Peer 1: 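One structure is given below, represented as structure tokens, and several questions about it will come after.
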Protein chains: 2
Amino acid sequence: MRVRDFSRPTTLNPDRLFGQVAQKLAVAIISGIVKAGELLPNEADLKSEISVSRTAYREAVKFLTAKGLVEARPKSGTRVAPRDSWNLLDPDVLSWHFEADPNEKFIRDLFELRSFVEPSAARLAALRRTPADLARIQAGYHGMIDNPPYAEATIRADLAFHEAILAAAQNSTLQCLASVVSATIQWSLLLKSGDDQGFYVTSLFDHERVLDAIIQRDGDLAAARMSALVTDSLNTTLTFLAWAGQRNAPKIA
Amino acid sequence: MRVRDFSRPTTLNPDRLFGQVAQKLAVAIISGIVKAGELLPNEADLKSEISVSRTAYREAVKFLTAKGLVEARPKSGTRVAPRDSWNLLDPDVLSWHFEADPNEKFIRDLFELRSFVEPSAARLAALRRTPADLARIQAGYHGMIDNPPYAEATIRADLAFHEAILAAAQNSTLQCLASVVSATIQWSLLLKSGDDQGFYVTSLFDHERVLDAIIQRDGDLAAARMSALVTDSLNTTLTFLAWAGQRNAPKIA
DNA sequence: CTGTCGGTATCGTATGACTTTATCGCAGAT
DNA sequence: ATCTGCGATAAAGTCATACGATACCGACAG
């Protein structure tokens with residue numbers, strides 16, 4: 001699955017060699033090609049699979065270790081860690097998921113988390129926003145209505161809208177969850193391949209109502225409307241997920 | 001500030017040399033000793049400050065890069081990244097905060113996030129819990145009442161109680177936020193140095209009420225009671241934070 | 001069958017050399 | 001004098017090699 005990635009700048013540098021190795025390994029892990037067993041022996045991997053020095057390989061492994069994907073111990077080897085010790089909220093880990101087949105349960109989990117966090121964030125944004133915050137949110141909204149549906153500029157504006165709201169909440173930990181929101185938005189746009197006009201109009205209206213509540217400084221209203229937005233987004237995404245599931249039939253045991 | 005750390009197993013291995021270097025650098029960054037400027041030049045750092053090989057140093061830097069704390073670029077050097085690109089929700093990053101002076105704004109942010117997430121998680125736990133989940137939650141509660149206040153076993157039971165609830169919600173992304181909940185609990189226990197009996201009784205009662213709602217499978221009730229628990233915890237923590245602030249007078253400009 | 005012991009494979013650390021990259025300053029042109 | 005471009009340079013990136021530390025595993029003795 002090859003996808004354009006509109007993610008926020010992540011910490012991984014794909015220009016560097018170790019970054020490419022890290023990405024390659026990470027995708028193999030996340031897509032389940034290697035389970036919770038052992039990775040390829042260092043030597044064999046180095047020589048045969050990818051021609052890269054031990055330094056680059058080790059730094060890639062350290063990178064993955066920091067994100068909880070692998071655990072390296074002397075003698076026993078470098079093993080893939082169990083999934084519940086992965087940092088699923090890490091921007092890189094989230095973006096690597098786009099390289100693997102869609103995991104319906106995981107996407108549902110992400111939306112669920114988002115439905116807990118983003119309405120509350122919208123409430124705070126309505127109460128705490130500065131003029132600069134509001135301008136940024138409005139800029140995002142206008143970027144959505146001034147560009148054609150599903151254009152790259154539109155998607156970026158959508159992401160910017162939600163990020164601006166999280167920023168307006170004035171809570172540093174909420175901003176770390178921006179990557180979760182971005183991921184859900186990208187999944188939803190990715191799954192519905194652009195052949196629906198009705199959903200798009202609904203989404204636009206949802207955004208307008210949230211913006212309106214934030215302008216009014218009405219926290220409860222903003223929360224309720226953001227909640228509706230997320231719910232709508234989830235429902236359409238689930239619809240398309242079901243379709244994709246029927247097409248691909250990726251039977252999940 | 002030296003503190004016992006009851007955190008979940010993090011990805012950093014303090015037994016290894018690179019891990020010690022990473023921790024040392026991370027604490028210096030988080031506590032603000034080095035701002036957003038440049039780190040010590042590789043060479044000078046290697047030779048003088050810490051006597052360690054380039055390998056270990058580089059792997060430590062890669063580790064921090066993965067968590068967004070630093071950005072390394074050829075020629076310009078390895079710089080400390082701006083705070084809003086740090087992975088504040090990473091278990092290691094959270095635990096490193098305990099080595100620095102308490103940052104009141106950050107602790108408030110953590111509690112705020114927790115107040116958004118944990119009540120919703122309690123709701124899901126009430127609806128989705130398996131028998132094993134419930135047993136785990138109950139085990140945590142009994143560990144709290146069967147041990148003396150503020151004993152290590154009690155603290156561990158408290159953490160286990162909340163982690164079990166997050167696990168019972170059957171959402172993998174919520175489990176990643178367990179480190180946030182742990183961090184807030186540890187901050188609150190750390191700040192009130194054990195000389196309060198009233199708060200403790202209140203806290204115990206809050207826990208009992210949450211457990212009761214989960215047993216009844218009443219989602220709304222569980223959410224409301226968890227919300228009350230978090231609010232109570234935040235209030236007492238803020239009280240002690242104010243005291244500590246007066247004592248230490250760590251004037252924040 | 002059990003327990004100790006050594007071999008061995010793998011990760012951890014150290015070192016030195018070379019490559020790539022991006023910044024900065026100098027020189028030349030406009 | 002300002003702008004443009006090119007090269008010197010410094011720092012990270014990569015490679016190769018060597019040795020130390022560790023824990024698994026099989027063999028051997030009790």
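Here is the naming used below: chain letters follow the sequence lines, and residue numbers restart at 1 for every chain. This is a predicted model, so every value here is computed, not measured.
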Peer 1: Of all residues at least two apart in sequence or in a different chain, which pass the side chain to side chain donor-acceptor pair (under 3.5 Å) check with B:His97?
Peer 2: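 In terms of side chain to side chain donor-acceptor pair (under 3.5 Å), with neighbours along the sequence ignored, B:His97 is linked to B:Arg83.
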Peer 1: Provide, to the nearest angstrom, the distance between the CG atom belonging to A:Leu17 and the C1' atom belonging to C:dC18.
Peer 2: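 Answer to the nearest Å: 15 Å.
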Peer 1: I'd like to check the side chain to side chain donor-acceptor pair (under 3.5 Å) partners of A:Glu59; sequence neighbours left out, ordered by chain and number.
Peer 2: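 With neighbours one apart ignored, the set is B:Arg58.
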Peer 1: Checking B:Ala72 now: which residues fulfil side chain to side chain contact (heavy atoms under 4.5 Å, CB included) with it, not counting sequence neighbours?
Peer 2: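 Side chain to side chain contact (heavy atoms under 4.5 Å, CB included) check on B:Ala72 returns B:Thr78.
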Peer 1: For A:Phe111 together with A:Trp187, are the ring centres under 6.0 Å from each other?
Peer 2: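 Judged by ring-centre distance (under 6.0 Å), A:Trp187 and A:Phe111 do not meet the cut-off.
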Peer 1: If you look only at pairs with a residue in residues 69-79 of chain A, which of them pass as a salt bridge (Lys or Arg N to Asp or Glu O under 4.0 Å), with sequence neighbours excluded?
Peer 2: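 Output for this query is empty, none listed.
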Peer 1: Grab the CG-C1' distance between B:Asn13 and C:dG12 for me, whole Å please.
Peer 2: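 Going from CG in B:Asn13 over to C1' in C:dG12 covers 11 Å.
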Peer 1: Any N/O pairs under 3.5 Å between the protein and nucleotides 20-24 of chain C? List them or say none.
Peer 2:
residue : atom : partner : partner atom : Å
C:dT23  : OP1  : B:Arg73 : NH2          : 2.5

Peer 1: Should A:Arg58 be listed as having a side-chain N or O under 4.0 Å from OP1 or OP2 of C:dC11?
Peer 2: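 Looking at the OP1 and OP2 atoms of C:dC11, neither is under 4.0 Å from any side-chain N or O of A:Arg58.
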Peer 1: Output all residues satisfying ring pair (Phe, Tyr, Trp, His ring centres under 6.0 Å) with B:Phe63, sequence neighbours left out; order by chain, then residue number.
Peer 2: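 Partners of B:Phe63 by the ring pair (Phe, Tyr, Trp, His ring centres under 6.0 Å) criterion, ordered by chain and then number, come out as B:Phe18.
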Peer 1: Each nucleotide N or O in nucleotides 18-20 of chain D that has a protein N or O under 3.5 Å away: list the pair and distance.
Peer 2:
residue : atom : partner : partner atom : Å
D:dA18  : N6   : A:Arg54 : NH2          : 3.4

Peer 1: Indicate, yes or no, whether a donor-acceptor pair under 3.5 Å links the base of D:dA16 to the side chain of A:Ser53.
Peer 2: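 Not at all, since no donor on one side and acceptor on the other fall under 3.5 Å apart.
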Peer 1: Taking the nucleotide of DNA chain C with the nearest heavy atom to each, does A:Gly77 or B:Gly19 sit closer to the 5' end?
Peer 2: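 Going by which nucleotide is closer to the 5' end, it is A:Gly77.
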Peer 1: With sequence neighbours left out, write down each residue that passes ring pair (Phe, Tyr, Trp, His ring centres under 6.0 Å) with B:Tyr141, or none if nothing qualifies.
Peer 2: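 Partners of B:Tyr141 by the ring pair (Phe, Tyr, Trp, His ring centres under 6.0 Å) criterion come out as none, since no residue qualifies.
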Peer 1: Round to the nearest Å and state the distance from A:Glu71 atom CD to D:dA23 atom C1'.
Peer 2: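 For the pair A:Glu71 CD and D:dA23 C1', the rounded distance is 16 Å.
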Peer 1: Roughly how many Å is it from NZ in B:Lys62 to C1' in C:dG12, rounded to a whole number?
Peer 2: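 From B:Lys62 NZ to C:dG12 C1': 17 Å.
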Peer 1: Once salt bridge (Lys or Arg N to Asp or Glu O under 4.0 Å) is applied, what residue pairs with a partner in residues 84-97 of chain B remain, sequence neighbours excluded?
Peer 2: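 Checked against salt bridge (Lys or Arg N to Asp or Glu O under 4.0 Å) - neighbours excluded - the pairs reaching residues 84-97 of chain B are B:Lys67-B:Asp90, B:Lys67-B:Asp92.
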